Amino acid sequence: MNSVITRRRAAALAVALALSVVLEACGASASEGPEVWRFAIEETQGSVQDTYAQEFARRVAERTGGEVVVKVYPYGSLGTSDDLTEQLRMGSLQFAMASPGHLGKTIPELQVFLLHFLLSDDDGANLAALRDPAIRELLEPLFLEKGLALVDLLPEGWMVWTTQRPVRAPEDFEGIKIRTMTSPLLLAAYEAYGASPQAMPYGEVYSALQLNMIDAQVNPMFAIEEMSFYEVTSHLVRARPAPFLTTLVTNASFLEGLAPERRAVLEEVAAELLPFVDEAQRTLNEERLAEMLERKPSLEVIELSEEERGRFRERALPVRDLFRERTGERGARLLAALEEALERASSGG
Ligand code: 6CS
């Protein structure tokens with residue numbers, strides 16, 4: 001998908017959606033139809049977020065005996081990630097996926113999940129740390145302050161650099177214009193490697209690569225396939241700087257007003273879907289890499305050695321100080337808690 005989504009179009013869509021909410025609410029009370037939960041994702045059909053959302057919809061319908069219908073809106077139908085967060089805050093959406101890569105502008109402390117070489121190479125330890133109660137306790141008030149409520153923190157696979165030339169050391173990044181998501185700390189992360197980062201929404205990346213406005217971008221394998229980025233790239237560089245994480249978020253007032261039995265269904269389904277999505281992302285990322293290589297055998301996959309990763313890690317470490325500087329006491333506490341949770345998870349505690 002390579003269309004540019006304009007703010008004006010997104011605003012018009014938001015108005016249309018708000019109107020449909022009102023009309024549907026009137027219709028629902030007259031006809032006693034099912035309750036509709038609107039759920040927007042930041043990715044297209046067939047993606048990790050779509051796999052999650054479809055399964056979420058299926059389980060919620062099943063557990064409520066069809067009394068709740070979850071309507072899934074794929075990326076592009078309601079605007080950019082920022083537009084989705086805004087619509088969620090306004091209450092015209094009940095659920096949305098919101099990646100720290102974009103939501104970090106609204107909740108700066110969330111950028112802790114963008115720091116390179118912080119999370120473990122052990123996916124199991126990461127999963128345990130993400131559901132650690134100490135982390136949840138620190139995150140929840142940050143969302144509530146913005147009228148949002150965190151439901152879950154979900155893994156989507158390791159980030160991969162797509163480039164037009166081999167990258168094995170930070171020096172190789174010199175002069176490379178790399179697109180990042182829009183949270184400001186990501187610019188600092190790639191500046192630390194000597195690259196020239198540019199932030200832009202997901203829907204603009206394909207055209208920017210095609211028009212040589214940028215030379216590189218970073219995303220998990222499934223996304224590189226679904227957005228056709230591989231068509232306009234020659235190298236897939238696996239350095240595992242960080243896994244791609246997203247948050248599943250609701251409108252805080254909506255959650256507050258949910259009947260206890262509906263809230264129990266939501267919590268039950270979310271708890272089941274964390275291991276489900278972890279398994280799904282693994283399969284999707286592997287399958288999509290195989291598909292890309294089949295369609296474009298000239299694609300070169302570069303797997304960095306531990307020594308090569310170490311050179312990037314060295315450059316990435318000072319960005320943690322910058323994170324602490326920019327997010328103050330609360331950011332520092334979250335970073336320390338995450339390091340401790342990872343330590344606990346790695347030692348099996
Ligand atoms: O790069 C991005 O902006 C997006 N990447 C993924 C895999 N999901 C959503 C996000 O907006």
Side-chain angles (χ1 to χ4, degrees), residues 1-5 10 39-54 72-88 93 95-107 110-111 113-114 116 152-163 177-187 189-190 197-209 213-214 216-230 232-233 236 238 240-249 277-278 280-289 292:
M1 199 192 69
N2 56 4
S3 63
V4 175
I5 297 158
F39 185 164
I41 58 174
E42 302 173 286
E43 295 167 3
T44 59
Q45 281 163 344
S47 62
V48 173
Q49 292 186 5
D50 186 47
T51 306
Y52 183 101
Q54 299 299 342
V72 180
Y73 295 87
Y75 188 67
S77 53
L78 299 178
T80 64
S81 294
D82 293 347
D83 297 324
L84 302 186
T85 307
E86 207 36 52
Q87 290 167 40
L88 192 64
L93 283 171
F95 294 88
M97 292 292 193
S99 312
H102 298 291
L103 192 58
K105 289 197 299 293
T106 308
I107 307 177
L110 263 194
Q111 296 178 107
F113 299 111
L114 307 176
H116 286 187
D152 219 340
L153 201 49
L154 308 165
E156 298 198 33
W158 287 95
M159 288 296 222
V160 177
W161 298 325
T162 71
T163 59
K177 288 180 269 164
I178 185 165
R179 176 269 174 176
T180 68
M181 289 181 279
T182 52
S183 288
L185 206 79
L186 286 168
L187 298 177
Y190 286 91
Q198 287 180 29
M200 65 178 74
Y202 202 30
E204 295 177 16
V205 182
Y206 184 91
S207 316
L209 284 166
M213 287 159 62
I214 49 169
Q217 68 83 43
V218 44
N219 256 306
M221 286 296 184
F222 84 87
I224 296 168
E225 192 279 331
E226 84 174 9
M227 299 299 276
S228 306
F229 298 152
Y230 72 97
V232 279
T233 198
L236 301 175
R238 302 179 93 163
R240 299 195 314 285
F244 183 100
L245 299 176
T246 196
T247 61
L248 170 58
V249 187
V277 78
D278 187 47
Q281 64 85 5
R282 233 179 274 279
T283 310
L284 273 177
N285 279 307
E286 271 169 34
E287 284 176 0
R288 300 288 171 86
L289 171 61
M292 287 188 285

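What you see is a predicted model, and the numbers here were worked out from it, not measured in a lab. First listed ligand is number 1; within each ligand, the first listed atom is number 1.
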> Does a side chain donor of either Thr80 or Asp83 reach within less than 3.5 Å of an acceptor in the other side chain?
Replying inline: yes

> Which protein non-hydrogen atom lies closest to atom 2 (C) of ligand 1, naming both residue and atom, and how far is it?
Replying inline: Tyr202 CD1, 3.2 Å

> Considering only heavy atoms from C-beta outward, does the side chain of Val218 approach that of Leu186 to under 4.5 Å?
Replying inline: no

>> Taking CD in Gln54 as the centre, count heavy atoms belonging to other residues, nucleotides or ligands within less than 6.0 Å. Is the count above 12?
In response: yes

>> Suppose I only count heavy atoms of Ser81 and a 4.0 Å limit; which atoms of ligand 1 are within that range?
In response: 11 (O)

>> Donor-acceptor check, side chain of Glu42 to backbone of Ser99, threshold 3.5 angstrom: yes or no?
In response: yes

> Taking heavy atoms and a distance under 4.0 Å, where does Glu42 meet ligand 1: side chain, backbone, both or neither?
Replying inline: both

>> Test your reading of the model: is there a side-chain donor-acceptor pair from Thr233 to the backbone of Thr163, 3.5 Å cut-off?
In response: yes

> What atoms in ligand 1 come closer than 4.0 Å to a heavy atom of Ala223?
Replying inline: 7 (C)

> Is there a side-chain contact between Met181 and Phe244, using heavy atoms and a 4.5 Å cut-off?
Replying inline: yes

>> Looking at ligand 1, is there an atom of it that comes within less than 4.0 Å of some heavy atom belonging to Gly101?
In response: no

> Which atoms of ligand 1 have any heavy atom of Met181 under 4.0 Å away?
Replying inline: 1 (O), 2 (C), 3 (O)

>> For Tyr52 and Phe39, take the angle between the two ring planes, folded into 0 to 90°, and tell me which bin it lands in: parallel under 30, tilted 30 to 60, perpendicular over 60.
In response: perpendicular

>> Let me confirm one number: the OG-CG distance from Ser183 to Leu114, rounded to the nearest 0.5 Å.
In response: 5.5 Å

>> Tell me the protein heavy atom at minimum distance from atom 5 (N) of ligand 1, and give that distance in Å.
In response: Asn219 OD1, 2.9 Å

> Short list, please: which atoms of ligand 1 are under 4.0 Å from a heavy atom of Glu43?
Replying inline: 6 (C), 7 (C), 8 (N), 9 (C)

> Considering only heavy atoms, does His102 approach ligand 1 within less than 4.0 Å through its side chain, its backbone, both, or neither?
Replying inline: side chain

>> Taking 4.0 Å as the limit for heavy-atom contacts, which would you say applies to Arg179 with ligand 1: side chain only, backbone only, both, or neither?
In response: side chain

> Does Phe244 approach ligand 1 within less than 4.0 angstrom via side chain, backbone, both or neither, non-hydrogen atoms only?
Replying inline: side chain

